[in-house]
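Read through the structure below, which is laid out as structure tokens, and then see the notes.
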Amino acid sequence: MAIALSQSDYWNLVQKNIADEQTASTPDSADITWHYPAQLGHGSIREIRLREGLVLAIADYQLHQDLIVEVPEREHPLEYEFTVVQEHPQQSCFSEHYFFSGGGLAESSIHEDVSGWQVLDVSFHLEPELFRLWMGDRLEHAPPLRELVNPLKQDRYTYEATPTMAMRAVVQQVLNCPYTDMTRQIYLESKVWELVSLHLEQMLHPLQNPPQPSFKPDDIDRLHHARKILSQHLNNPPSLKGLARQVGLNEFTLKQGFRTIFGTTVFGCLHHYRMERARALLEAGSLNVSEVAREVGFANRGYFAAAFRKKFGTNPKAYSLVAKQQVG
């Protein structure tokens, strides 16, 4: 059975672990390593503060049980995340991807991790002001890059893909940094900017015909089946792992397939169906807003109202009243 936590509950566990281990060992505040919360799994997380506004993190962990974390809408800095997931730790079979986002408003989402899989995650968070300082006048001469520093109330830019060979090489250099103290700080920061540069190259000079993952006809049928399952279980959807098992795909293929075939994530697809169903129920007028929220899988009416307003530009209560007036 999966463990479900809000983001605040998850970070309370993490922060408590940090506080306990800091008290025991009093490490350098610029470089903290702590054990992954024992209630959730085993492994370690290392956080290195390279300078004000720039934090590098290296996580290596394995979960005891599936973990679902509900992440609310929030203001977000620039982020780069390189993840390697090894489904069977004793085998050489693994998948890897990288995620890059600009600063701005991050939408609410559901983050899922699968038990038993070995996860290696290298990421950094970069405050928009530091990015602007680094770019200087170059930001004005490259309009596409301004999307990386959107206003905090505007949706952030996101991009997810298979990492390039150059990115893989830089990440390995981060993991095997040969230096210590100040030299290490300078070296690691240079690698962070190198990773930023590698992504900027893709933004400014995208491939005309980027390679797309290929799927067998049977896999495409399974992906359509998965989408149908989501549409039929809005208030109690399966986990990513559960959905993948139901349709006979591994989780990585499921996620990659949704992005390629349907142009959205699994959660994005579920969210779309929830909002469309909510709109239909409000138009029907037989349920109030709280009942509609529960019907489409929202335990919190406030989260539902915010999601509906973002999707349709109006509050669900106001939408319901207008719908009733039109019927009347």
Side-chain angles (χ1 to χ4, degrees), residues 2 4-10 66-76 79 81 97 99 101-102 104-114 150 153-160 222-244 246-247 249 251-284 287-320 323:
L5 297 172
S6 66
Q7 187 186 45
S8 60
D9 288 340
Y10 174 78
D66 292 357
L67 175 65
I68 301 172
V69 179
E70 184 177 356
V71 184
E73 189 176 66
R74 71 262 183 222
E75 296 174 356
H76 206 281
E79 177 186 20
E81 185 173 16
H97 70 276
F99 171 80
S101 79
L105 190 66
E107 66 180 13
S108 60
S109 60
I110 301 294
H111 178 78
E112 297 191 51
D113 270 345
V114 180
N150 283 336
K153 298 303 179 184
Q154 186 175 329
D155 289 348
R156 63 175 178 164
Y157 157 90
T158 60
Y159 181 92
E160 188 166 3
R222 293 172 191 271
L223 289 165
H224 280 276
H225 184 206
R227 187 171 64 167
K228 184 176 181 181
I229 290 172
L230 291 178
S231 70
Q232 295 173 339
H233 297 85
L234 301 181
N235 63 350
N236 187 27
S239 67
L240 276 176
K241 183 179 180 181
L243 182 60
Q246 276 187 258
V247 299
L249 296 171
E251 187 185 355
F252 181 74
T253 301
L254 178 73
K255 293 194 292 185
Q256 194 176 52
F258 262 71
R259 293 189 193 95
T260 303
I261 306 299
F262 306 129
T264 185
T265 63
V266 177
F267 176 76
C269 182
L270 173 65
H271 185 73
H272 170 76
Y273 282 133
R274 281 174 162 172
M275 290 298 98
E276 291 299 328
R277 175 62 176 160
R279 180 167 66 171
L281 289 171
L282 290 170
E283 289 175 354
L287 300 177
N288 61 36
V289 173
S290 295
E291 291 169 334
V292 169
R294 288 194 296 271
E295 183 70 18
V296 297
F298 282 82
N300 184 295
R301 174 173 168 163
Y303 284 166
F304 168 68
F308 191 92
R309 184 168 57 251
K310 185 173 182 180
K311 176 76 171 178
F312 299 114
T314 184
N315 289 321
K317 187 172 183 179
Y319 187 90
S320 177

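Remember, predicted model here, so these are calculated numbers, not experimental data.
A search for side chain to side chain contact (heavy atoms under 4.5 Å, CB included) contacts involving His224 returns Ile220, Arg227, Ile261, Phe262, not counting sequence neighbours. Remark: Ala226 engages Leu243, Val247, Leu254, Phe258 in a side chain to side chain contact (heavy atoms under 4.5 Å, CB included) (not counting sequence neighbours). Residues passing the ring-ring contact (aromatic ring centres under 6.0 Å, His included) test with Tyr273, sequence neighbours excluded: none. Qualifying side chain to side chain donor-acceptor pair (under 3.5 Å) partners for Arg74, counting only residues two or more places apart in sequence or in other chains: none. Every residue meeting the side chain to side chain donor-acceptor pair (under 3.5 Å) condition with Thr253, not counting sequence neighbours, appears here in chain and number order: Asn250. For Asn315, the side chain to side chain donor-acceptor pair (under 3.5 Å) partners at least two apart in sequence or on another chain are Arg309. Under the rule for a salt bridge (Lys or Arg N to Asp or Glu O under 4.0 Å), Asp9 has no partner lying at least two apart in sequence or in another chain. The side chain to side chain donor-acceptor pair (under 3.5 Å) check on Arg222 picks up Asp218, with sequence neighbours excluded. Scanning for side chain to side chain contact (heavy atoms under 4.5 Å, CB included) contacts around Glu276 gives His272, Arg279, Lys311, Phe312, with sequence neighbours left out. Shown here are the side chain to side chain contact (heavy atoms under 4.5 Å, CB included) partners of Ser101, two or more places apart in sequence or in another chain: His76, Glu79, Phe99, Arg156, Thr158.
Counting only heavy atoms from C-beta outward, the side chains of Val71 and Tyr10 never approach each other to under 4.5 Å. For the pair Gln154 and Leu105, the minimum side-chain heavy-atom distance is 4.5 Å or more.
Here salt bridge (Lys or Arg N to Asp or Glu O under 4.0 Å) pairs that include residues 289-307, with residues two or more places apart or in two chains, number zero.
Val296 and Ala278 get closest at one heavy-atom pair: CG1-N, 3.9 Å. Taking every heavy atom of both residues into account, Ile68 and Ser239 meet most closely at CD1-CB, 4.4 Å. Leu223 and Gly257 get closest at one heavy-atom pair: CD1-CA, 3.7 Å.
Remark: of the listed residues Lys255, Arg259, Gln256, Arg259 is the sole one forming a side-chain hydrogen bond (donor to acceptor under 3.5 Å, both in side chains) with Glu160.
Atom NZ of Lys317 sits about 14.0 Å away from atom CZ of Phe308, to the nearest 0.5 Å. Interatomic distance, Asp155 CG to Asn150 CG, rounded to the nearest 0.5 Å: 8.0 Å. To the nearest 0.5 Å, atoms CG (Leu281) and OG (Ser320) are separated by 10.5 Å.
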| Criterion side chain to side chain contact (heavy atoms under 4.5 Å, CB included) on Arg274 and Phe304, from CA distance to verdict | CA-CA 10 Å; Arg274 281 174 162 172; Phe304 168 68; over 6 Å; no
Less than 3.5 Å apart, which donor and acceptor atoms pair up between the side chains of residues 228-238 and the rest of the protein, not counting sequence neighbours?
residue: Ser231; atom: OG; partner: Lys228; partner atom: O; Å: 2.6
residue: His233; atom: ND1; partner: Ile229; partner atom: O; Å: 3.0

